[in-house]
Student: 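Please read through the structure below; I'll follow up with questions.
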Amino acid sequence: MIRTRFAPSPTGPLHMGGVRTALYAYLFAKQHNGQFVLRIEDTDQNRYVPGAEEYILEALTWCGIIPDEGVGFGGKHEPYRQSERKHKGFYMDYAKRLLNSGNAYYAFDSADDLDIARKNAEAAGVHGWQYDASTRMNLRNSLSLAEQETKHLLDQGTSYVIRLKVQPGQTLTFTDMVRGEVSFDSTLVDDKVLIKADGMPTYHLAHIVDDIMMEITHAIRGEEWLPSAPAHILIYQSLGIPMPQYAHLPLLLKPEGNGKLSKRDGDRLGFPVFPLQWKDPITGEVSSGYREKGYYADSFINMLALLGWNPGTEQEVFSLDELVKIFSFDRVHKSGARFDPDKAKWFNEQRLRHTDDAILGEHFYHELKNILGADHPLATLSYATGAVKLLKERVQFENELYETGKYLFEAPTSYDDKVISKRWNDAAKVFLQNLPDVLSSVPEFTAELTKAAFEKLAIDQGIKPGEVLQLFRVIMSGQGSGVDLFGMVALFGKDEVFERINRFQSAY
RNA sequence: GGCCCGUUCGUCUAGGGGUCUAGGACAUCUCCCUUUCACGGAGGAAACACGGGUUCGAUUCCCGUACGGGCUACCA
């Protein structure tokens with residue numbers, strides 16, 4: 001049974017890179033009829049942000065990335081929140097195992113002590129000082145101190161951390177699902193803190209303990225974790241437990257400039273970095289979300305899936321179910337992918353184009369009731385559907401429908417001067433006077449028949465239809481460009497068309 | 001600085017020793033369609049980072065360099 005997990009920290013809203021990580025983990029699990037687990041890694045109490053956990057749940061749900069178990073979903077490995085698991089003593093149990101096997105030790109140095117050690121090293125010209133085999137005997141820990149002293153300090157309740165004892169000089173190798181074989185020299189790995197002074201485990205210990213206990217078979221995470229992978233190999237080795245398969249995903253990069261996509265890039269560059277809108281509980285600052293911007297969850301996911309992965313075919317539009325079928329780690333890229341906001345919109349546009357008019361009409365109908373009022377004569381399903389048919393190809397988002405076709409809902413209050421000055425002349429005036437009668441004679445007020453009648457009248461009067469078409473468009477909508485003219489006429493119906501003609505005539 | 005990872009059009013990417021005259025998509029430009037604007041269609045411009053090897057042959061394999069990215073906390 002394949003089991004993957006997504007394990008975010010509730011330090012703020014999930015950003016789109018995190019969503020992609022969750023997505024890949026989900027796709028992989030589902031493809032193999034496995035399970036996908038949501039675990040909350042809240043071991044840093046200082047960085048806890050209220051509302052962040054709820055946000056994560058809501059965001060994943062919106063995206064359709066539904067966990068089989070986890071916080072908010074239950075499951076046989078409860079609890080799924082690390083702060084709660086800490087209280088069960090899980091992490092300390094494993095730390096003790098490491099201590100007992102001689103693979104970990106107590107360290108009593110304060111954060112300040114280490115700061116000083118680091119600064120001294122820096123002053124002596126040593127870069128990158130670290131707590132490791134080369135320095136640990138000069139520091140205060142159960143390896144450098146006499147046994148009784150350690151015991152004494154512990155009995156006294158002296159503050160301590162538990163560190164991993166890294167054996168230098170080994171080559172640590174593992175096979176990454178996207179990168180293949182990767183190796184490191186253990187000499188460069190520091191003695192990572194496993195249990196912090198506050199009793200909480202660090203990420204390094206916690207994720208391993210939980211992955212073991214939750215029977216995770218594939219650990220999928222961002223590339224920023226690759227450098228700490230050797231420490232994780234060592235922990236598994238010391239525990240004598242086989243390591244799950246790891247996959248380190250390439251990062252999402254800023255659309256312009258250098259570096260990875262960060263929370264701050266979003267609204268500054270005019271696109272959201274978060275799936276859902278987020279209001280910072282402290283500053284009150286609001287960051288936009290894809291959902292609120294009008295993106296379909298499917299398109300958002302589709303776009304994310306293709307950032308760093310591709311199916312190897314030329315198909316680009318996929319549903320979640322299709323992605324589940326064809327996703328694979330060997331087609332995940334190794335290098336970072338620069339995010340392109342324009343392409344993101346294109347995915348939405350594609351999905352909108354392929355959505356049935358009836359469904360779009362339904363949505364638009366609800367929107368119209370909100371905008372115009374439920375008792376407005378145009379707030380009907382049939383009018384909304386008719387309008388959608390005319391507007392569909394001109395927008396990328398459903399929420400652009402109304403603004404794009406505003407003239408379909410209100411008569412013009414002004415008319416495009418350029419067209420008027422060019423086309424409004426005596427011949428046009430006569431034409432317009434005759435137009436209502438001609439349009440009235442049409443057996444059915446359809447686009448085809450009104451168009452034919454319109455053109456016939458023009459020809460009968462000795463003018464080219466082209467000379468009055470755009471004028472008529474302006475009379476109908478106020479503007480020189482827009483949706484199909486006779487489609488609009490048919491949608492309006494006879495009364496509204498006459499009404500708009502009268503309106504124009506009384507203005508000119 | 002050190003360590004790790006990476007490098008094909010502006011962007012996402014296909015390809016992977018000869019078929020590469022390097023393919024697709026977004027964006028961009030031109031033309032066509034059209035009453036307009038879109039849509040759609042056709043076409044254009046646009047890339048194998050550089051230097052050494054290996055080889056009959058390298059964009060593809062190896063090594064360097066450059067550049068980019070990540071990490072370098074009692075944060076995840």
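So that the names make sense, note that chain A is the first sequence line, chain B the second, and so on, each numbered from 1.
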Student: When rounded to the nearest Å, what value does the distance between P atoms of B:A42 and B:C50 take?
Tutor: 33 Å
Student: Would you mind building the protein contact string for nucleotides 71-76 of chain B? One character per nucleotide, 5' to 3', B for base within reach (heavy atoms under 4.0 Å), S for sugar-phosphate only, - for untouched.
Tutor: S--BBB
Student: If you measure from the C1' atom in B:A46 to the same atom in B:C29, how many Å do you get, rounded?
Tutor: 11 Å
Student: Base, sugar-phosphate, or nothing for A:Gly482, non-hydrogen atoms under 4.0 angstrom?
Tutor: base
Student: Tell me the salt bridge (Lys or Arg N to Asp or Glu O under 4.0 Å) pairs involving residues 117-131 of chain A, sequence neighbours left out?
Tutor: A:Asp115-A:Lys119
Student: Is the A:Tyr55 to A:Trp278 ring centre distance short of 6.0 Å?
Tutor: yes
Student: B:C20 pairs with which nucleotide, Watson-Crick or G-U wobble, both distances below 3.5 Å?
Tutor: none
Student: Could you check which of B:G6, B:C3, B:U35 has an atom nearest any side-chain atom of A:Leu188?
Tutor: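 Nucleotide nearest to A:Leu188's side chain: B:C3.
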Student: Does the side chain of A:Val317 reach to within under 4.5 Å of the side chain of A:Ser299, using non-hydrogen atoms?
Tutor: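 No; the side chains remain at least 4.5 Å from each other.
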Student: Looking at A:Val489, A:Val468, A:Val438, which one forms a side chain to side chain contact (heavy atoms under 4.5 Å, CB included) with A:Phe454?
Tutor: A:Val468
Student: Both A:Asp484 and A:Gly308 contact RNA chain B. Which one's nearest nucleotide lies toward the 5' end?
Tutor: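 Nearer the 5' end of the strand: A:Gly308.
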Student: Distances for protein N/O vs nucleotides 26-31 of chain B N/O pairs under 3.5 angstrom?
Tutor:
unit_1	atom_1	unit_2	atom_2	d
B:C26	OP1	A:Trp346	NE1	3.3

Student: Give the nucleotide from the list B:U35, B:A14, B:C4 with an atom nearest to the side chain of A:Arg331.
Tutor: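 The listed nucleotide nearest to A:Arg331's side chain is B:A14.
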Student: Need one value for A:Leu485: base, sugar-phosphate or nothing, where a base atom within 4.0 Å counts as base even if backbone is also close, heavy atoms only.
Tutor: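 The residue A:Leu485 makes base contact.
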Student: Hey, do the aromatic rings of A:Tyr203 and A:Trp225 have their centres closer than 6.0 Å?
Tutor: yes
Student: Checking contacts here: which listed nucleotide (B:G1, B:G6, B:U35) is nearest the side-chain heavy atoms of A:Lys451?
Tutor: B:U35
Student: Write down the partner of B:A47 under the Watson-Crick or G-U wobble criteria, each distance required to be under 3.5 Å.
Tutor: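 By the stated definition (distances under 3.5 Å), nothing pairs with B:A47.
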Student: What does A:Ser335 touch in the nucleic acid at a heavy-atom separation under 4.0 angstrom: a base, only the sugar-phosphate, or nothing?
Tutor: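 Sugar-phosphate, no base atom in range.
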Student: For the side chain of A:Arg338 and the base of B:U11, is some donor closer than 3.5 Å to an acceptor across the two?
Tutor: no
Student: Describe the nucleic acid contact of A:Arg179 in one word from base, sugar-phosphate, nothing, applying a heavy-atom distance below 4.0 Å.
Tutor: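 Result for A:Arg179 = sugar-phosphate.
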Student: Contact class for A:His207 (heavy atom, under 4.0 Å): base, sugar-phosphate, or nothing?
Tutor: nothing
Student: Please confirm whether A:Phe300 and A:Tyr295 have ring centers closer than 6.0 angstrom.
Tutor: no
Student: Within 45 degrees of the axis of the six-membered ring of A:Tyr131 and under 6.0 Å from its centre: does A:Arg163 put its NZ or CZ there?
Tutor: yes
Student: Within the pair A:His333 and B:C5, is there a side-chain N or O less than 4.0 Å away from OP1 or OP2?
Tutor: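 Indeed not, no polar side-chain atom of A:His333 lies that close.
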Student: Taking atom P in both B:G6 and B:U28, what distance in whole Å separates the two?
Tutor: 34 Å
Student: Would you indicate, yes or no, if B:A14 has its OP1 or OP2 atom less than 4.0 angstrom from a side-chain nitrogen or oxygen of A:Asn310?
Tutor: yes
Student: Which nucleotide, if any, forms a Watson-Crick or G-U wobble pair with B:U7, using both distances under 3.5 Å?
Tutor: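 Pairing partner, where one exists within any strand: B:A66.
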Student: Could you check, using the six-membered ring where one of them is a Trp, whether A:Phe339 and A:Phe271 have ring centers closer than 6.0 angstrom?
Tutor: yes
Student: If the C1' atom of B:G40 is compared with that of B:A49, how far apart are they to the nearest Å?
Tutor: 38 Å
Student: A:Val182 has a side chain; which of B:U13, B:U11, B:C4 sits nearest to it?
Tutor: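 Ranking B:U13, B:U11, B:C4 by closest atom to the A:Val182 side chain puts B:C4 first.
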Student: Watson-Crick or G-U wobble partner for B:A27, using a 3.5 Å limit on both distances?
Tutor: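 Partner of B:A27: none.
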Student: I'd like to check A:His232 versus A:Met243 (side-chain heavy atoms, cut-off strictly below 4.5 Å). Are they in contact?
Tutor: no
Student: Decide whether a cation-pi geometry holds between A:Arg85 and A:Tyr80; the criteria are a distance under 6.0 Å from NZ or CZ to the six-membered ring centre and an angle within 45° of the ring axis.
Tutor: no
Student: Can you tell me the pairing partner of B:G1 across any strand shown, Watson-Crick or G-U wobble, with both distances under 3.5 angstrom?
Tutor: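 Paired with B:U72.
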Student: Measure across A:Gly199 and A:Lys86 and return the closest heavy-atom pair with its distance rounded to 0.1 Å.
Tutor: O-CE, 3.3 Å
Student: B:C63 and B:G44: how far apart are their C1' atoms, nearest whole angstrom?
Tutor: 40 Å
